[in-house]
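Please read the structure below before turning to the comments.
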Amino acid sequence: MILDQRTAGVLLHITSLPGPHGIGDFGPGAHHFVDWLASTGQRVWQVLPTTPIGPGHSPYQSVSAFAGSPLMVALEPLIERGWLAPPALPPGGFDPRRVDFERVIPWREQQLRAAEAGFRASASRADEQALRDWCAAEAAWLDDYGLFMALERAHGGAPWWQWSAPLVQRDAAALQRARVQHADEIGFWRFVQWCFSVQCSALRAHARARGVAIMGDLPIFIAQHSADCWARPDLYKLDARFQPTVVAGVPPDQFSVDGQRWGNPLYRWDRMAADGYAWWTARLKRALDLADVFRIDHFRGFAAHWEVPATSPTARQGRWVAGPGRALFAAIEHALGPLPIVAEDLGLITPDVIELRRACGFSGMKVLQFAFAEDATHEYLPHNFEPATVVYTGTHDTDTVRGWWDHASARERAFAGTYLACSTHDVHWAMIRALCNSVANTVIVPLQDVLGLPRASRMNLPGTMGGDNWAWRFDWPMVGTETGRVLGVITAASGRGPFGLLGA
C-alpha cells in the first residue's frame, strides 16, 4: 500500500485547478497536474471531499455522502462527444485565480443541462446502455439522491423537513408519484453523476499510469439537509419533527473559547450496529471507487464525539459520548478487506483515540506549523515522528506556511528559524525539506506552500462561512519551471522520488 512506502505528494483540491470554465474540474487541467506531479517525483495527490458543496460552498456540508460534485464534471469531454456545443463564457469571463461561486454554479448547471439534452438527442446505443448499467449498479444511493435533488428543486430549495408531509415521511405512494412526476429531472441528475463517475475513473487511470495515487477525503458527519438523512432518518438522533436533538461539534480550546458548533446530526450508533454498519460499509465502498486511499476526517469522533444540545448556540455545553470504536472498522474490513485510511487525529487527542487508530492499523497525521509553540519534545517536530505517519506543512484549514511565519510570535520564529535553518524567504522550502528528510512514510504539502504563497491564498478559515473560503485557484504561470525542479530535487534527495531528479 502507498502509505507503507516512502513517498511525497501535494494537497490540492480539484476546484483549485486551472481551466477556462470558472472552477477546477476533471478536465485537461487535472490530467496535466498529474503529469506535473509525476515529473517532480510526487506519488500522492490529496484532494478534499469530491461530494457536492453545501452552505458556504463547503465540501464538508454536502447534500449527499455518495454523490459527486456537478462542478467537477468537465465540459471538454461532453463537447468531444458531441453532446454539448462549445459554450460562450459569460461577459468578462471567469477569474483564473478565484472561484466566483455565485456566477459559476448557475452557468455550469446550464451547460450540464444542455449536455444532457444533447445526450438524449444523439447518444449512441452503447452510451445509453452504459448509463443504464451504471445507474442500476449505483441504485442503492443514486435513486434516493436523484429524487431528493428533484424534490429540492420542486420545493424551491426548501430543506426536506419542510416538504409536504407524505414526502417528509417517505410515504411509498407519494414517493412513487414523485418519481413519475419528476422523471426528467431525476434523469438529469443521474446523467450528471454518471459523467462524474466516468471522468473520475479516467483521471484515476491516468494517475495510476503515471505512478500517482489519489487520496480522497471522507467527512465523518453528514448534513441534515441531505439525501442520506432524508432516506434514513432512523439512523440519526432526530425528534418527531425530524430535527436534531443534539448536534456535532468540538469543545472550547486555545483556538476558540466557545468551541465549534458544527450543527451536523449525530449518528444512532446502536441502530447502525444492528445491521452490521451497512450504511458505513456502502459509504466506504463508494469512497474506494473514487480514490486509492482516503483521509477520514475527525477520526477522534469514532472513539468519542462531542455532543452539543441542539438548543445550545455554542459548543460550550457539550459532553463526550462514546463512539463505535473498533467494531465499526472491523465490520467494514470484514466486508471490504484492508482499509487504506489516514486517520485525521489532530486537535484534542486522548489515549483512547491513539489506541483505536493503532488497533485499526491506520496512519495518523502531524502538522509542522503546530510544532513550534512549545519545546523540542513536541510530537509534531520531525525528530519525534514515527514511520506510520502522514506529515504536512499545513492543511486546508491552516494558514499557509508564509502566512504562519509572518504572523507567528517572535519566539516561534526564533525556534523555527534555528530548527529549520531558514529565514523568511525560504521557510516553505525549509519546512518541506525537514519533513522529507524525516522517517515519516508520507509527506503531503499544500500547493500553496510549494509556491510559498502568503495568507491570502489559504483555502479555508475554520469557523467562518463564505468570503474567500474554498475559492482559491492557481494558474500555471504561478508555478513556472523552477518550483518543480526544486521540489523534485528535495524529493529525490530524501529517497522519496527517482534519484535522477537530482540532475547529477
Side-chain angles (χ1 to χ4, degrees), residues 1-19 24-50 72 74 199-217 290-295 340 342 363 390-396 400-401 428-429 431-433 435-436 440-453 457 459 472-503:
M1 186 171 68
I2 191 73
L3 297 177
D4 297 329
Q5 304 169 29
R6 190 168 176 81
T7 56
V10 170
L11 166 60
L12 179 80
H13 195 30
I14 300 292
T15 59
S16 295
L17 287 162
D25 55 35
F26 289 138
H31 290 255
H32 181 56
F33 187 67
V34 166
D35 294 339
W36 182 83
L37 289 172
S39 73
T40 63
Q42 309 307 293
R43 295 184 59 201
V44 180
W45 177 7
Q46 181 177 340
V47 301
L48 301 182
T50 55
M72 296 180 189
Q199 293 184 12
C200 182
S201 295
L203 180 61
R204 281 190 69 194
H206 179 67
R208 192 178 301 114
R210 298 304 310 270
V212 176
I214 304 294
M215 181 189 293
D217 193 317
L290 303 176
D292 303 292
V293 59
F294 56 92
R295 186 195 83 127
V342 176
S363 297
V390 182
V391 296
Y392 297 77
T393 53
T395 73
H396 66 278
T400 64
V401 164
H428 60 297
W429 286 126
M431 278 198 175
I432 293 171
R433 188 178 298 108
L435 293 182
C436 283
N441 287 340
T442 308
V443 173
I444 304 289
V445 181
L447 185 64
Q448 292 96 318
D449 291 345
V450 176
L451 300 177
L453 298 177
S457 298
M459 193 63 172
W472 181 79
R473 298 179 73 195
F474 83 100
D475 55 18
W476 284 108
M478 297 169 63
V479 180
T481 57
E482 182 65 5
T483 297
R485 186 194 70 79
V486 175
L487 183 62
V489 166
I490 293 174
T491 303
S494 59
R496 298 179 186 275
F499 196 70
L501 290 173
L502 282 172

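Residue numbers start at 1 and run along the sequence shown. Reckoned from all heavy atoms, side chains included, excluding hydrogens, waters and symmetry mates.
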Check: Which class fits the ring pair His31 and His206: parallel under 30°, tilted 30 to 60°, perpendicular over 60°?
Finding: tilted

Next item on the list: Please examine the side chains of His13 and His396, heavy atoms only from C-beta on, and report whether any two atoms are closer than 4.5 Å.
Entry: no

Next item on the list: Taking the side chain as every heavy atom from C-beta outward, state whether Asp292 and Ile2 have any pair of such atoms under 4.5 Å apart.
Entry: no

Next item on the list: Compare all side-chain heavy atoms of Thr15 with those of Arg473 and state whether any distance is below 4.5 angstrom.
Entry: no

Check: Just how far is it from atom CG of Leu451 to atom OG1 of Thr400, taken to the nearest 0.5 Å?
Finding: 10.5 Å

Notebook entry, point to check: Rounded to the nearest 0.5 Å, how far apart are CG of Leu12 and CD of Gln46?
Noted result: 10.5 Å

Check: In Å and rounded to the nearest 0.5 Å, what is the CG to CG distance from Leu203 to Leu290?
Finding: 11.0 Å

Notebook entry, point to check: So do His428 and Thr393 actually touch side chain to side chain, heavy atoms under 4.5 Å?
Noted result: no

Notebook entry, point to check: Hey, are the side chains of Arg210 and Trp45 touching, using non-hydrogen atoms and a 4.5 Å cut-off?
Noted result: no

Which pairs of donor and acceptor atoms, one on a side chain in residues 488-500, lie under 3.5 Å apart (sequence neighbours left out)?
unit_1: Thr491; atom_1: OG1; unit_2: Gln42; atom_2: NE2; d: 2.8
unit_1: Thr491; atom_1: OG1; unit_2: Leu487; atom_2: O; d: 2.7
unit_1: Ser494; atom_1: OG; unit_2: Ile490; atom_2: O; d: 2.9
unit_1: Ser494; atom_1: OG; unit_2: Thr491; atom_2: O; d: 3.1
unit_1: Arg496; atom_1: NE; unit_2: Cys436; atom_2: O; d: 2.8
unit_1: Arg496; atom_1: NH1; unit_2: Thr7; atom_2: O; d: 2.9
unit_1: Arg496; atom_1: NH1; unit_2: Ala440; atom_2: O; d: 3.1
unit_1: Arg496; atom_1: NH1; unit_2: Asn441; atom_2: O; d: 2.9
unit_1: Arg496; atom_1: NH2; unit_2: Cys436; atom_2: O; d: 3.2
unit_1: Arg496; atom_1: NH2; unit_2: Ser438; atom_2: O; d: 3.1
unit_1: Arg496; atom_1: NH2; unit_2: Ala440; atom_2: O; d: 2.7

Next item on the list: Would you check if the side chain of Gln199 reaches a backbone N or O of Phe26 as a donor-acceptor pair within less than 3.5 Å?
Entry: no

Next item on the list: Give a yes or no on whether the backbone of Ser16 and the side-chain of Trp472 come within a donor-acceptor separation of less than 3.5 Å.
Entry: no

Next item on the list: Please work out which of the three classes, parallel, tilted or perpendicular, describes the rings of His32 and Trp476, given edges at 30° and 60°.
Entry: perpendicular

